[in-house]
Participant: 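Please see the structure below; I have some questions.
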Amino acid sequence: MFAETTQTDWNRAAGDMIKRMEQTAAVLGEAFPHWADGQSGAWTTTPDGDWTGGAWPGMLWLAHRMTGEEKFRQLARTWCVRLRPRAKLETAFKGFGFYCGAALGHILAGDETGKTVALEAVESLRDQFDPRLGLIPLGSDAEEHGEIGKAFSSIDSLQAAPLLFWAARRTGDDSYRACAASHTTRVLEIHCRKDGSIIQSSELDSRDGSVVRHFTHKGFSDTSVWGRAQAWGMLYSAMAFARCPAETRWLDQSMAAADWWIANVPGDLVAFWDFNDPAIPDTHRDTAATAIVSAALLKLAELAPTAAQRSRYREAAERTVSALIGGYLTPTSSTDRRTRGMLVGGCFNKRPDSRRHDSALNAELIFGSYFLFESLQVLCGVVDAADI
């Protein structure tokens with residue numbers, strides 16, 4: 001069913017994505033790319049980056065690492081600095097933006113601008129930690145639809161952990177590590193089912209942190225498995241374990257989530273937007289969720305305890321990336337240069353109550369492109385999966 005994908009194929013796909021990045025940089029002005037129309041390639045943008053903003057400079061840091069070209073470092077710095085207005089916002093989701101958009105510059109290139117911007121955001125992120133809940137709640141500025149309040153959580157909020165772990169290592173301040181560890185443990189306890197599937201959201205009792213209800217902000221139903229919830233849980237539990245290897249329960253959860261995904265994903269390896277949508281197969285795919293999973297599987301291919309497990313996850317990752325570049329990455333042979341190197345097929349939010357600028361189907365989602373590009377860097381041998 002799947003043709004063998006070679007090193008040349010990985011490099012070609014990464015090159016196609018770099019061409020798309022160059023075209024994107026030329027048309028953005030000062031706004032951040034959020035998602036692009038799958039046909040025209042035209043971007044819907046946000047003025048401050050929203051929660052997705054760090055994906056764009058993250059791709060630029062990776063492009064600099066791959067090519068050595070200074071123009072990508074300069075672009076990454078420019079967009080990294082433009083994230084600064086979000087540094088003090090009360091949202092758990094800024095962990096993603098400032099890790100990929102700022103801290104990654106320091107990790108990959110020793111960039112002091114990236115380090116400075118990341119540290120500006122991480123202190124307020126730590127200060128959002130609620131000891132009664134044992135975690136960082138979503139926060140009053142979180143980009144979820146409707147009421148989120150002080151005692152709401154989600155599997156997506158695990159995005160906070162890598163930035164906190166990075167800050168602990170950079171500053172020597174153990175309070176960052178303690179916050180990240182408690183947050184990771186509690187979020188996984190609340191949102192992970194015994195069969196390895198993952199719940200997106202929860203409301204907690206503000207007095208003691210007990211679960212009031214489980215629900216979803218973005219999935220088909222409160223009991224369904226939204227594709228990106230499964231992906232986020234798999235990815236960030238693996239990233240947390242890589243930074244705190246004594247916490248083997250985090251690795252166990254990441255592997256359980258990965259095994260559930262492998263057992264339930266369609267035969268072509270590209271997930272539907274929600275695993276329980278009754279309209280399957282006549283519904284939308286989500287290549288962004290699938291790209292996140294490819295990055296997670298590559299991390300597990302380095303972190304899993306046995307050679308057999310590492311080999312299994314590596315094979316699954318390679319087949320998943322092959323499916324994405326073979327079926328959803330527009331080639332450089334496209335007659336319209338604006339659409340070359342796009343990862344199409346992303347389902348941003350299919351729910352009718354979504355924010356207007358999140359209502360995108362069969363689109364290029366900037367964070368989906370980031371995780372596919374990151375995966376290609378690992379497959380090309382540019383970076384080690386567990387290091388980023």
Side-chain angles (χ1 to χ4, degrees), residues 7-50 52-83 97 100-102 104-105 107-109 111 113-114 117 287-288 291 294-295 321 324-326 328-346 360 363-383 388:
Q7 192 72 40
T8 299
D9 296 319
W10 305 135
N11 280 284
R12 182 183 300 114
D16 289 348
M17 295 192 77
I18 287 174
K19 289 182 174 63
R20 169 64 172 167
M21 292 162 62
E22 291 173 328
Q23 187 273 335
T24 294
V27 301
L28 282 179
E30 295 186 358
F32 286 81
H34 196 51
W35 60 267
D37 181 86
Q39 296 298 317
S40 69
W43 285 102
T44 289
T45 60
T46 61
D48 70 345
D50 208 82
T52 64
W56 172 235
M59 293 181 74
L60 294 166
W61 291 123
L62 286 167
H64 169 68
R65 177 65 172 261
M66 184 178 195
T67 66
E69 293 186 32
E70 184 63 20
K71 68 177 182 180
F72 291 118
R73 183 201 287 265
Q74 294 302 324
L75 282 168
R77 282 177 176 163
T78 296
W79 290 97
C80 170
V81 170
R82 286 175 181 162
L83 289 171
C100 293
L104 196 62
I107 294 167
L108 294 176
D111 193 272
T113 298
V117 172
T287 55
S294 70
V321 174
L324 288 172
I325 67 174
Y328 295 88
L329 188 68
T330 55
T332 53
S333 59
S334 170
T335 56
D336 186 344
R337 66 179 180 84
R338 298 173 301 170
T339 64
R340 296 171 185 171
M342 294 174 60
L343 177 63
V344 298
E364 177 185 15
L365 311 185
I366 189 61
F367 57 94
S369 292
Y370 167 82
F371 283 109
L372 178 58
F373 193 58
E374 177 189 299
S375 298
L376 289 167
Q377 302 313 295
V378 174
L379 293 169
C380 291
V382 176
V383 294
I388 57 174

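These numbers were taken from a predicted model, which means no experiment stands behind them.
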Participant: Please report the interatomic distance CE(Met66) to CG(Leu376), rounded to the nearest 0.5 Å.
Facilitator: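 Result: 8.0 Å between the selected atoms.
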Participant: Identify the two heavy atoms, one from Ala36 and one from Arg20, that lie closest to each other, and give their separation to 0.1 Å.
Facilitator: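 Here Ala36 and Arg20 meet closest at CB-NH2, 3.4 Å.
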Participant: Tell me whether the count of non-hydrogen atoms from other residues, nucleotides or ligands lying under 6.0 Å of CD in Glu30 goes above 12.
Facilitator: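 12 or below, so no.
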Participant: Is there a side-chain contact (heavy atoms from CB on, under 4.5 Å) between Thr24 and Trp43 once you walk through the steps?
Facilitator: CA-CA 8 Å; Thr24 294; Trp43 285 102; 3.0 Å; yes
Participant: Which residues pass the side-chain hydrogen bond (donor to acceptor under 3.5 Å, both in side chains) test with Ser375, not counting sequence neighbours?
Facilitator: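 Ser375: side-chain hydrogen bond (donor to acceptor under 3.5 Å, both in side chains) contacts with Ser294.
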Participant: Does Leu62 reach the side chain of Leu108, with side-chain heavy atoms less than 4.5 Å apart?
Facilitator: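 Touching, per the 4.5 Å side-chain cut-off.
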Participant: Test: side-chain hydrogen bond (donor to acceptor under 3.5 Å, both in side chains). Region: residues 55-67. Which pairs qualify, not counting sequence neighbours?
Facilitator: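 Every pair satisfying side-chain hydrogen bond (donor to acceptor under 3.5 Å, both in side chains) with a residue in residues 55-67: His64-Arg73.
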Participant: Ignoring hydrogens, what is the shortest heavy-atom contact between Gly114 and Cys80? Give both atom names and the distance.
Facilitator: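 Heavy atoms only, the tightest pair is CA-SG, 4.0 Å.
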Participant: Applying side-chain contact (heavy atoms from CB on, under 4.5 Å), run through Thr287 and Val344 and close with a yes or a no.
Facilitator: CA-CA 7 Å; Thr287 55; Val344 298; over 6 Å; no
Participant: Pair Phe72, Ile18 - check side-chain contact (heavy atoms from CB on, under 4.5 Å), show working.
Facilitator: CA-CA 10 Å; Phe72 291 118; Ile18 287 174; 3.7 Å; yes
Participant: According to the salt bridge (charged side-chain N to carboxylate O under 4.0 Å, His left out) rule, which pairs have a member within residues 52-63, sequence neighbours left out?
Facilitator: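 Every candidate salt bridge (charged side-chain N to carboxylate O under 4.0 Å, His left out) pair involving residues 52-63 fails, so no pair, neighbours aside, qualifies.
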Participant: Which residue in the set Gln23, Gln39, Met17, Glu364 passes side-chain contact (heavy atoms from CB on, under 4.5 Å) when paired with Met342?
Facilitator: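 So the option named by the test is Glu364.
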Participant: Among residues at least two apart in sequence or on other chains, which ones pass side-chain contact (heavy atoms from CB on, under 4.5 Å) with Gln7?
Facilitator: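 Once residues adjacent in sequence are excluded, the partners of Gln7 under the side-chain contact (heavy atoms from CB on, under 4.5 Å) criterion are Trp10, Asn11, Cys380.
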Participant: My understanding is that only residues two or more places apart in sequence, or in another chain, count here; which of them pass side-chain contact (heavy atoms from CB on, under 4.5 Å) with Ala363?
Facilitator: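 Partners of Ala363 under the side-chain contact (heavy atoms from CB on, under 4.5 Å) test: Trp35, Ala360, Leu365.
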Participant: Answer with yes or no whether the side chains of Thr52 and His34 bring together a donor and an acceptor at under 3.5 Å.
Facilitator: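 Yes, Thr52 and His34 have a side-chain donor paired with an acceptor closer than 3.5 Å.
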Participant: Work out which heavy atom in Pro57 is nearest to a heavy atom in Leu83; give both atom names and the distance.
Facilitator: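 Looking at all heavy atoms of both residues, the closest pair is CG-CD1, 4.3 Å.
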Participant: Measure the CD1-CG distance between Ile325 and Leu379 for me, rounded to the nearest 0.5 Å.
Facilitator: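 Interatomic distance, Ile325 CD1 to Leu379 CG, rounded to 0.5 Å: 8.5 Å.
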Participant: Atom CZ of Arg77 and atom CD of Gln74: how far apart are they, to the nearest 0.5 Å?
Facilitator: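 The distance works out to 5.0 Å.
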Participant: To check you understand the geometry: which heavy-atom pair defines the closest contact between Gly58 and Leu104, and what is its length?
Facilitator: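 Shortest heavy-atom contact: O-CD2, 3.9 Å.
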Participant: Considering non-hydrogen atoms only, spot the tightest contact between Ala63 and Met21 and give its length.
Facilitator: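 Smallest heavy-atom distance, with atoms named: CB-CE, 3.6 Å.
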Participant: If I compare all heavy atoms of Gly368 with all of Leu343, which pair ends up nearest, and what's the gap?
Facilitator: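 Closest approach of Gly368 to Leu343, heavy atoms only: O-CD2, 3.6 Å.
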Participant: Do NZ/NE/NH1/NH2 and the carboxylate oxygens of Arg12 and Asp9 come within less than 4.0 Å?
Facilitator: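 Answer for the salt bridge query: yes.
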Participant: So, using side-chain contact (heavy atoms from CB on, under 4.5 Å) as the criterion, who are the partners of Ala55 when residues are at least two apart?
Facilitator: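 Partners of Ala55 by the side-chain contact (heavy atoms from CB on, under 4.5 Å) criterion, ordered by chain and then number, come out as Phe96, Ile366, Phe367, Tyr370.
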